[in-house]
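FYI, side chains are in, hydrogens and waters are out, and symmetry mates aren't considered; it's all heavy atoms of this structure.
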Amino acid sequence: MPYGLNYADAEAEFNEADAVIFGIPYDHTASFKAGAREAPTAVRRASYNFEEFHFEHGLDQEPLAVCDYGNCDDFILPEDMVEEVKFAVGPCINAGKFPIAIGGEHSGTIPIIQSFEPGSVALMTIDAHLDSRDEYMGTPLSHACVTRRAVDVHGIENVCSVGCRAIGREELERDDVVPFVSSFEVFDKGIEWAVKKMLDGLKADKVYLSIDIDGIDPAYAPGTGTPEPFGLLPIDVKKAISLVGDRLAGFDVMEICPPADPSGITSILGARLINEALAVHAKNLRS
């Protein structure tokens, strides 16, 4: 795998690491704006903006040992991408380490969630879209099919989404609609209510949390391939990570598109959300 700029403070070797970071520079099923393949490098660069210590998690926090494993190779066909990501991330999951992926488009989540034993983990997405189509633009491995592919492996009782506000009619006119809470419900009832509602409906104890950056309002995250107004606030997503808490089994941030955001603010937000997941996992691991 080609190796580039390391994520800040990710200095551990793989065998010593509690958490392992992977880049997935893939965006070949993009349907609006391409460019998410540039996100792993941009987010790594943005990670150097932050303090390693996050005071709100307590003064006794110990940082995780983190390994930056580099980027998966970039392929054209989604089938090849899926096999490459499974090859890279599978050993991390099998070794009981905490996987963190930097996309790339949301299709990169498919091979990660497929790498867990069936039924052993649930997928919660924070996303503007439900991404539950059987196929999209000729492939079942599209970014618009993420939750449906998770249902195939882990069952409808282990998949949910928070923050949706753009859902196709065909995704709702079926017997097995992926459970979701819309962003409009979050505005009315709060992120705490929304996450608790979704967590309570999951069968698996452990939860893989996937953040499609378009789940956040484009006023705060303009650099994404399919921006959708009326999104969540960044603080909502920060709270959601803490609410998942000790159930967190892995994490990713997908669909950051640096060419659509010359200011770099979206990459900065993505890096800070990764740091939040690391802090939450560290607190639970050490306790």
Side-chain angles (χ1 to χ4, degrees), residues 2 4-10 21-51 54 68 70-72 74 81 100-109 125-131 136-137 142-144 146 161-166 183 186-187 191 209-241 251-278:
L5 175 72
N6 273 8
Y7 197 90
D9 302 310
I21 294 174
F22 302 86
I24 306 176
Y26 183 82
D27 63 3
H28 295 290
T29 78
S31 54
F32 188 50
K33 297 179 184 178
R37 69 171 72 93
E38 299 180 23
T41 297
V43 172
R44 286 185 174 102
R45 186 177 295 115
S47 71
Y48 287 85
N49 178 61
F50 301 107
E51 296 282 353
H54 300 295
D68 189 333
N71 285 349
C72 298
D74 183 13
M81 177 274 292
I100 291 183
I102 310 170
E105 63 174 55
H106 211 174
S107 59
T109 299
T125 66
I126 291 180
D127 200 328
H129 311 87
L130 194 54
D131 286 349
Y136 190 68
M137 295 178 68
S142 166
H143 65 94
V146 177
S161 190
V162 175
C164 298
R165 53 201 185 272
S183 64
V186 174
F187 298 150
I191 192 67
L209 182 59
S210 177
I211 309 298
D212 185 326
I213 206 70
D214 69 25
I216 297 170
D217 194 89
Y220 303 96
T224 188
T226 49
E228 187 73 32
F230 311 120
L232 302 184
L233 300 176
I235 192 64
D236 291 330
V237 180
K238 183 182 190 299
K239 289 179 180 178
I241 297 168
F251 184 80
D252 65 44
V253 177
M254 300 296 192
E255 295 286 353
I256 293 173
C257 182
D261 180 15
S263 73
I265 192 64
T266 313
S267 296
I268 290 171
L269 177 57
R272 182 60 182 85
L273 293 175
I274 289 171
N275 288 0
E276 188 68 17
L278 287 169

List the residues meeting side-chain contact (heavy atoms from CB on, under 4.5 Å) with [X], not counting sequence neighbours, and say none if there are none.
X: Glu38; result: Pro258, Pro259
X: Ala46; result: Ser267, Ile268, Ala271
X: Pro229; result: none
X: Ser183; result: Arg165, Phe187, Leu232

Does [X] have any side-chain hydrogen bond (donor to acceptor under 3.5 Å, both in side chains) partners at least two apart in sequence or in another chain, and if so, which?
X: Arg37; result: Asp27
X: Asp217; result: none
X: Ser210; result: His106, Thr109, Asp252
X: Asp236; result: none

- line: Of Leu209, Ile216, Leu278, the one forming a side-chain contact (heavy atoms from CB on, under 4.5 Å) with Leu273 is Ile216
Look only at the side chain of [X] and the backbone of [Y], and say whether a donor-acceptor pair between them is shorter than 3.5 Å.
X: Ser47; Y: Ala8; answer: yes
X: Asp214; Y: Ala128; answer: yes
X: Asp68; Y: Tyr7; answer: yes

query: Listed by chain and number, what are the salt bridge (Lys or Arg N to Asp or Glu O under 4.0 Å) partners of Arg272, not counting sequence neighbours?
result: Glu56, Glu276
Within-4.5 Å side-chain heavy-atom neighbours: Ile21 and Phe251: no
message: Within the structure provided, determine whether Ile191 and Val162 are in side-chain contact (heavy-atom separation under 4.5 Å).
response: yes
field: Ile126 CD1 to Ile241 CD1 distance, which is reported to the nearest 0.5 Å
entry: 7.0 Å
- request: Decide whether Asn71 and Tyr26 meet the rule of one side-chain donor and one side-chain acceptor closer than 3.5 Å.
  value: no
field: salt bridge (Lys or Arg N to Asp or Glu O under 4.0 Å) pairs, two or more places apart, involving residues 257-269
entry: none
